[in-house]
Protein chains: 2
Amino acid sequence: MTQLQRRRIPDAAVTRLPVYLQILNNLHATNVLRFSSDELAALAGVNAAKVRKDLSYLGSYGTRGVGYEVTYLIHQIKRELGLLREWNVVVVGAGNLGCALAKFGGFAPRGFPVVGIVDNDAKKIGQTTGALTIGDVRNLGKMVRDLNITIGAITTSTATAQSAVDSLIDAGVASILNFAPIVLATPSSVSVRNVDLGVELQILSYYEQMRTEQTDGAKLQNKSSAVSV
Amino acid sequence: MTQLQRRRIPDAAVTRLPVYLQILNNLHATNVLRFSSDELAALAGVNAAKVRKDLSYLGSYGTRGVGYEVTYLIHQIKRELGLLREWNVVVVGAGNLGCALAKFGGFAPRGFPVVGIVDNDAKKIGQTTGALTIGDVRNLGKMVRDLNITIGAITTSTATAQSAVDSLIDAGVASILNFAPIVLATPSSVSVRNVDLGVELQILSYYEQMRTEQTDGAKLQNKSSAVSV
DNA sequence: ATGGCTTCGTGCAGAATTTCACAAAGTTCA
DNA sequence: TGAACTTTGTGAAATTCTGCACGAAGCCAT
């Protein structure tokens, strides 16, 4: 079974490929035809060897002494990421964020059209947001089948996020983009990506505090415990 | 210089601590007094040994045979992440997202009050959004000093994101939350966290495609558009 | 007290990731 | 043609992260 499936790309590399793609699209837009791993590394803020290794997971598409062709590499990254086709998205939770995502047209051109939005609130069901009518979360199964939906975005309240994801999984959706600040319980066959601004801010806070303390060390240094190197 | 600074917590652990904190806050809200590493691990979807190791970076705050105290651990995580004080945030870019962040009151109670919002568009400057008046990006330096701002959120267009971050860094801000789909060029002394839904969707797409291909091995695939493979 | 039970803290090994360093393979120019 | 130069692709070392396994330490019942 495993030998049928394509050679797996390391998770860490998978998270970088979309970033490379972004940059290559920009290069393409400015009529750049070729690039070297050094150039892409500089633009992506990573090590050049890492760029080469990441790209090598796609195949040997570079030319030694020359570099890589922008359009060709764009195609190869898209192929590998599954971006040569569209993936339909349903938004679960028609609050501020959910409606904003439904109205925001920025995902369709990038291959992720939002084709449905649902809620569990009878007052919201039937209303329209953007081009979509808010559906009943209880019809999610039929919706997923009829509209060929593969990705679900959770934009409900924290309290209902778990039941929302349960509904999605029941409906056969195995890719979840979760905006609720909660760790969802899902089987390992389901992919979840969490977007939590609170978490991001707290991570920034940690490093900011590190810097602050280090600076304070000059004036006052009683904080440091007994760490040496 | 390095020996003065506190024992560093591994990056991977730093990204998990806010998740633990979230869970512990929920436990606290439901009057749970104590928890074991096994329980927290189940709720966070990680290995119990990892939880114990992560928490051990804070110090030895557990009791063998018993577990950890919820409120005490909350305090310790907050201390380590620098959440015992507030960090003021400025939003750069008063578009849809920027104004939404400024109006959204959810960050202030978690220690990240949005105290300012700026733009470079003369038509927007002077307007109000929520409780804030949109300022001129050229006054960012004064604003950062006067309002004691430490974190900047980039919500500009892609085209102006780099100049926005340059202004922030000039103004002395070293923690950036970037919503623009672009890799920002910053000195290594600056922390950047990127929030890019396109990237997240594309990562999901990769794993979705993996699953699809594996399943298709049995049937036959006519759906995929112009893929060779 | 003592034995049994639970759970933490951590050494260590293995896995994953990053980075180095260099041969291989191509280009350019005289 | 061939020498100088550029850049890829990739073994292998270095680093980071994960997870097991178990001793240490506390609780409880008898």
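The basis for the numbers below is simple: all heavy atoms, side chains too, and nothing from hydrogens, waters or symmetry mates.
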Rounded to the nearest 0.5 Å, the CG atom of B/L24 sits from the CD1 atom of B/I77 at a distance of 5.0 Å
Compute the centroid of each ring, for A/Y61 and then for A/Y68, and state whether the two points are separated by less than 6.0 Å. no
Span of DNA chain D in contact with chain B (heavy atoms, under 4.0 Å): D/dC17 to D/dC27
Going from CZ on A/R16 to CD1 on B/I203, what distance comes out if it is rounded to the nearest 0.5 angstrom? 10.5 Å
Quickly work out the A/R64 CZ to C/dT27 P distance and round it to whole Å. 12 Å
Using whole Å, report how far OH of B/Y61 lies from P of C/dG9. 11 Å
Given that A/A12 and A/T63 both sit by DNA chain C, which one's nearest nucleotide is further toward the 5' end? A/A12
Using a 4.0 Å cut-off on heavy atoms, which residues in residues 35-54 of chain A reach DNA chain C? List them by number, or say none. A/N47, A/A49, A/K50, A/R52, A/K53
Treating A/T63 as the side-chain partner and A/V66 as the backbone partner, does any N or O pair qualify as donor plus acceptor under 3.5 Å? no
Identified side chain to side chain contact (heavy atoms under 4.5 Å, CB included) counterpart of B/F179 within the set B/I154, B/N194, B/L101: B/L101
If I take atom CG in residue B/L73 and atom P in nucleotide C/dT7, what distance separates them, rounded to the nearest angstrom? 16 Å
Does B/D196 come within less than 4.0 Å of B/R193, counting only side-chain N to carboxylate O? no
Using a 4.0 Å heavy-atom cut-off, does A/R34 contact any base of the nucleic acid, only the sugar-phosphate backbone, or nothing at all? nothing
Donor-acceptor check, side chain of A/S175 to backbone of A/S191, threshold 3.5 angstrom: yes or no? no
Could you tell me the separation between the OH atom of A/Y57 and the CZ atom of A/R8, rounded to the nearest 0.5 Å? 12.0 Å
Rounded to whole Å, please give me the gap between CG in B/L55 and C1' in C/dT7. 13 Å
